[in-house]
Amino acid sequence: MNKKELVFASNNAHKLGEIQQLLGDRFVIKSLRDLGCTEDIPENEATLEGNAQAKARFVHEKYGCDCFADDTGLLVESLDGAPGVYSARYAGPECNSVRNIEKLLKELEGKSNRKAAFKTVIALIQGEEVYFFEGSVKGSIASACLGNDGFGYDPVFIPEGSDLSFAEMSLSEKNKISHRARAVRALVDYLNTD
Ligand code: IMP
């Protein structure tokens with residue numbers, strides 16, 4: 001079988017693992033590190049589409065290869081869609097996942113509506129064209145962290161229809177329903193017809 005090589009503009013080991021599992025052995029994923037890039041690509045745009053495209057374009061221009069990038073936001077209903085596109089930077093300049101979650105739980109204190117959704121946008125740059133693929137999953141925010149797997153906001157996100165947070169699920173369970181999995185499936189459908 002001829003394997004297609006795909007550059008994914010990320011060095012996030014969790015995302016790379018999720019995406020390689022979804023793509024199976026028809027595709028081989030190359031990370032930024034495989035290209036020799038260890039820089040943090042700026043994510044300063046006002047939309048998920050803008051950030052995904054900016055990351056893919058950065059790599060396309062610097063390394064001259066077709067590639068795809070993703071950007072994800074957690075949209076919380078009672079916070080008017082926050083943290084949204086600012087999910088990575090929610091806790092400010094010293095942000096990390098623990099601090100982002102702490103801030104989120106604090107903002108939700110006393111609120112009974114804990115409905116939320118994850119949304120992922122993938123931008124694929126092929127030649128001069130940009131294509132977008134989306135995926136989302138509805139759920140709710142737990143009142144405390146649950147589970148040790150996954151990354152980011154996984155310990156506090158309970159997808160609809162489940163009693164477990166994403167951080168209590170195996171990678172393949174998360175990949176059955178997650179926002180990123182849905183966006184990646186749309187990407188793969190496109191690549192398979194390409
Ligand atoms: P980015 O797409 O890497 O910019 O992610 C934006 C923010 O969402 C970061 O804080 C990530 O840790 C978080 N994030 C992205 N994907 C997921 C996921 O699948 N589960 C939980 N948090 C995520």
Side-chain angles (χ1 to χ4, degrees), residues 8-22 29 31-33 37-59 67-76 79 81-105 107 114 116-124 132-142 145-160 162 164-185 187:
F8 176 40
S10 177
N11 273 328
N12 180 321
H14 291 279
K15 287 187 182 181
L16 284 157
E18 285 184 14
I19 287 180
Q20 186 64 70
Q21 191 195 65
L22 285 162
I29 290 293
S31 68
L32 288 183
R33 197 160 286 117
C37 176
T38 50
E39 290 171 67
D40 265 341
I41 305 177
E43 298 183 22
N44 298 324
E45 303 297 324
T47 60
L48 298 176
E49 287 78 5
N51 276 336
Q53 182 172 201
K55 289 188 247 184
R57 197 157 296 288
F58 177 95
V59 173
C67 65
F68 71 98
D70 78 333
D71 199 45
T72 294
L74 175 66
L75 294 92
V76 180
L79 301 178
V85 71
Y86 302 107
S87 296
R89 308 159 260 171
Y90 193 40
E94 303 297 315
C95 60
N96 57 33
S97 292
V98 171
R99 290 189 179 137
N100 287 342
I101 287 177
E102 272 169 12
K103 176 165 179 190
L104 178 65
L105 294 181
E107 296 288 332
R114 302 182 75 92
F118 268 121
K119 180 177 170 188
T120 290
V121 175
I122 288 176
L124 169 71
F132 292 98
F133 306 91
E134 281 186 24
S136 53
V137 59
K138 289 183 182 168
S140 61
I141 304 299
C145 286
L146 304 166
N148 300 310
D149 287 335
F151 70 104
Y153 295 91
D154 277 349
V156 289
F157 187 83
I158 302 176
E160 225 170 59
S162 172
L164 302 178
S165 76
F166 270 160
E168 293 177 300
M169 292 182 179
S170 65
L171 186 55
S172 51
E173 280 174 307
K174 182 181 173 191
N175 268 345
K176 278 185 201 148
I177 52 173
S178 86
H179 46 300
R180 186 169 303 96
R182 289 173 174 157
V184 170
R185 285 198 193 96
L187 168 72

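Everything quoted here is computed from the prediction, not taken from an experiment. All ligand and atom numbering here is 1-based and tracks the order in the structure.
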Practice task
Output yes when a side-chain donor or acceptor of Asn100 lies under 3.5 Å from a complementary backbone atom of Ser87, and no otherwise.
Solution key: yes
Practice task
Could you tell me whether the side chain of Tyr153 reaches within less than 4.5 Å of the side chain of Val76, counting heavy atoms only?
Solution key: no
Completion exercise
When distances are taken from atom 10 (O) of ligand 1, the protein heavy atom at minimum range is Ala88 CA, 3.3 Å
Handout entry: Residue and atom name of the nearest protein heavy atom (relative to atom 20 (N) of ligand 1), distance in Å to one decimal
Key = Asp154 OD1, 2.6 Å
Handout entry: Taking atom 12 (O) of ligand 1 as the reference point, the nearest protein heavy atom with its distance
Key = Gly152 CA, 3.3 Å
Practice task
Could you find the nearest protein heavy atom to atom 22 (N) of ligand 1 and give me its residue, atom name and distance?
Solution key: Tyr153 N, 3.0 Å
Problem - Shortest reach to atom 23 (C) of ligand 1 by a heavy atom, considering only Tyr86, Phe157, Phe151, Phe166 - result: Phe151
Handout entry: Glu168 and Asp154, any side-chain heavy atoms less than 4.5 Å apart
Key = no
Exercise for the section: Flag the pair Val156 / Ile141 as yes when at least one side-chain heavy-atom distance between them is below 4.5 Å, and no otherwise. Expected result: yes
Problem - Partner residues of Gln53 under the side-chain hydrogen bond (donor to acceptor under 3.5 Å, both in side chains) criterion, sequence neighbours left out - result: Arg57
Fill in the blank from the handout: Among Lys15, Glu18, Glu43, the residue with a heavy atom nearest to atom 4 (O) of ligand 1 is Glu43
Problem - Donor-acceptor pair, side chain of Asp71 and main chain of Val121, under 3.5 angstrom - result: no
Practice task
Find all atoms of ligand 1 within a distance of less than 4.0 Å from any non-hydrogen atom belonging to Ser87, and give their numbers and elements.
Solution key: 7 (C), 8 (O), 10 (O)
Exercise for the section: For Asp71, take its heavy atoms, then give the atoms of ligand 1 lying under 4.0 Å from any of them. Expected result: 1 (P), 2 (O), 4 (O)
Handout entry: From Val184, Thr120, Asp70, residue fulfilling side chain to side chain contact (heavy atoms under 4.5 Å, CB included) relative to Lys15
Key = Asp70
Fill in the blank from the handout: Going by the 4.0 angstrom heavy-atom rule, the piece of Arg180 near ligand 1 is side chain
Exercise for the section: Answer with yes or no whether His14 contacts ligand 1, where contact means a heavy atom under 4.0 Å from a ligand atom. Expected result: no
Handout entry: Phe157 and Phe118 aromatic ring geometry - parallel, tilted or perpendicular at 30°/60° bounds
Key = tilted
Completion exercise
among protein heavy atoms, the one nearest atom 6 (C) of ligand 1 is Thr72 O, 3.2 Å
Completion exercise
Per-atom filter on ligand 1: closer than 4.0 angstrom to a heavy atom of Lys174 are 18 (C), 19 (O), 20 (N)
